[in-house]
Protein chains: 2
Amino acid sequence: MNDALDNTFAALSDPTRRAILSMLLEDDMAVTDVAEPFEMSLAAISKHLTILTRAGLITQEKRGRVKWCKLEPGALKDTSIWMQGFGQFEAVNLDAFEKFLKSEFGES
Amino acid sequence: MNDALDNTFAALSDPTRRAILSMLLEDDMAVTDVAEPFEMSLAAISKHLTILTRAGLITQEKRGRVKWCKLEPGALKDTSIWMQGFGQFEAVNLDAFEKFLKSEFGES
DNA sequence: ATATTCGTCAACCGTTTGGTTAAGTGTTTT
DNA sequence: AAAACACTTAACCAAACGGTTGACGAATAT
């Protein structure tokens with residue numbers, strides 16, 4: 001459980017991975033399409049996606065030969081709770097975010 | 001500026017450093033006192049404090065031979081802004097936190 | 001003056017990270 | 001059946017990380 005927090009913060013500490021998460025905010029994407037804007041190999045992006053998956057920030061589902069990457073914002077919950085305890089901050093509004101996603105993309 | 005976000009998230013990814021921040025939430029502390037509860041060398045803690053300082057999460061002020069460590073919650077602002085952009089989350093309430101700190105410890 | 005305390009710095013060590021290229025595994029297309 | 005596509009894995013590399021011990025500088029206490 002402490003490990004989860006480690007993994008999440010570590011995953012967020014890399015600019016490439018944060019950029020990937022921002023891209024996935026707009027829509028689910030195939031690995032190749034995720035890699036396209038970056039000036040690094042597909043293998044490197046694949047590793048970044050593994051790290052994001054391990055942190056629970058995304059999930060990946062293979063359909064045919066294409067592996068789709070999907071944002072999992074719920075993984076930010078624990079980091080939010082920690083920040084809340086740290087600074088008496090308000091919790092991030094996760095329910096509102098999920099509603100936002102559903103209304104935007106009709107996800108279940 | 002992107003680097004700052006890198007540094008902050010990376011600093012938060014280590015459990016020892018998060019524990020240090022929690023300790024400093026209660027009061028300013030000398031380096032030796034910060035190190036006391038941990039089963040590692042003073043030099044190791046000193047390094048952790050350097051990383052927290054580089055991330056802007058704490059400041060250190062030397063008075064006499066004692067170096068005092070002080071929490072700087074404002075450094076969480078950028079991470080908060082990023083999370084906000086990422087998930088349409090509410091911004092963390094930084095003003096409220098500063099008021100909380102002042103009322104609690106009378107800091108200026 | 002001397003000893004002690006506070007803390008950093010330097011050198012070292014093993015592991016992890018972020019990248020590479022090359023090969024390999026499935027899946028789809030032709 | 002063969003070629004192209006979508007990805008992962010393996011082997012490798014340099015740099016950063018997290019820790020150690022030992023020496024050191026500066027401030028304080030005896």
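All values reported here derive from a predicted model rather than from experimental measurement. So that the names make sense, note that chain A is the first sequence line, chain B the second, and so on, each numbered from 1.
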For [X] and [N], what is the distance between atoms [atom1] and [atom2] respectively, to the nearest whole Å?
| X | N | atom1 | atom2 | answer |
| --- | --- | --- | --- | --- |
| Lys67(B) | dT28(D) | NZ | C1' | 18 Å |
| Asp28(A) | dA6(D) | CG | C1' | 17 Å |
| Leu42(A) | dT9(D) | CG | P | 12 Å |
| Ile45(B) | dC9(C) | CD1 | P | 16 Å |
| Ile20(B) | dG7(C) | CD1 | P | 13 Å |
| Asp14(B) | dT15(C) | CG | P | 18 Å |
| Gln60(B) | dC6(C) | CD | C1' | 12 Å |
| Leu49(B) | dT8(C) | CG | P | 7 Å |

Give Lys62(B) one of three labels, base, sugar-phosphate or nothing, depending on what nucleic acid heavy atoms sit under 4.0 Å from its own.
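Lys62(B): no heavy atom of the nucleic acid under 4.0 Å.
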Mind checking if Arg63(B) touches a base, just sugar-phosphate, or nothing, with heavy atoms under 4.0 Å?
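No contact.
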Any side-chain heavy-atom pair of Asp28(A) and Cys69(A) under 4.5 Å:
no
Below 4.5 Å, heavy atoms only, C-beta onward: do Arg63(A) and Trp68(A) meet side chain to side chain?
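A side-chain contact exists here, since the closest heavy-atom pair is under 4.5 Å.
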CD1 on Ile20(A) to CD1 on Ile58(A), rounded to 0.5 Å:
7.5 Å
I want to verify a distance call: between [options], whose nearest atom is closest to the [X] side chain?
| X | options | result |
| --- | --- | --- |
| Met40(B) | dG22(D), dG19(D), dC7(D) | dG19(D) |
| Val66(A) | dA6(D), dG18(D), dG7(C) | dA6(D) |
| Thr16(A) | dG19(C), dC7(D), dT20(D) | dG19(C) |
| Ala30(A) | dC7(D), dG19(D), dG18(C) | dC7(D) |
| Ala43(A) | dT20(D), dT8(C), dT20(C) | dT20(C) |

Hey, does the side chain of [X] come within less than 4.0 Å of [N]'s phosphate (OP1/OP2), counting only N and O?
| X | N | result |
| --- | --- | --- |
| Ser46(A) | dT8(D) | yes |
| Lys47(B) | dC17(D) | no |
| His48(A) | dT17(C) | no |
| Thr32(A) | dC7(D) | yes |
| Ser41(B) | dT20(D) | yes |

Begin with the C-alpha distance, continue with both residues' side-chain angles, and end with the deciding distance and a verdict on side-chain contact (heavy atoms from CB on, under 4.5 Å) for Phe38(A) and His48(A).
CA-CA 12 Å; Phe38(A) 296 98; His48(A) 281 304; over 6 Å; no
Is a donor-acceptor contact shorter than 3.5 angstrom present between the side chain of Arg65(A) and the base of dC5(D)?
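Result: at least one qualifying N/O pair found.
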Reading DNA chain C from 5' onward, which residue's closest nucleotide shows up sooner: Ile51(A) or Gly64(A)?
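It is Ile51(A) whose nearest nucleotide is closer to the 5' end.
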Go through the steps to decide whether Ser13(A) and Asp6(B) satisfy the test side-chain contact (heavy atoms from CB on, under 4.5 Å), and finish with yes or no.
CA-CA 5 Å; Ser13(A) 74; Asp6(B) 293 4; 5.5 Å; no
Given Leu21(B) and Leu12(B), is the side-chain contact (heavy atoms from CB on, under 4.5 Å) satisfied, shown in steps?
CA-CA 9 Å; Leu21(B) 292 175; Leu12(B) 293 176; 3.7 Å; yes
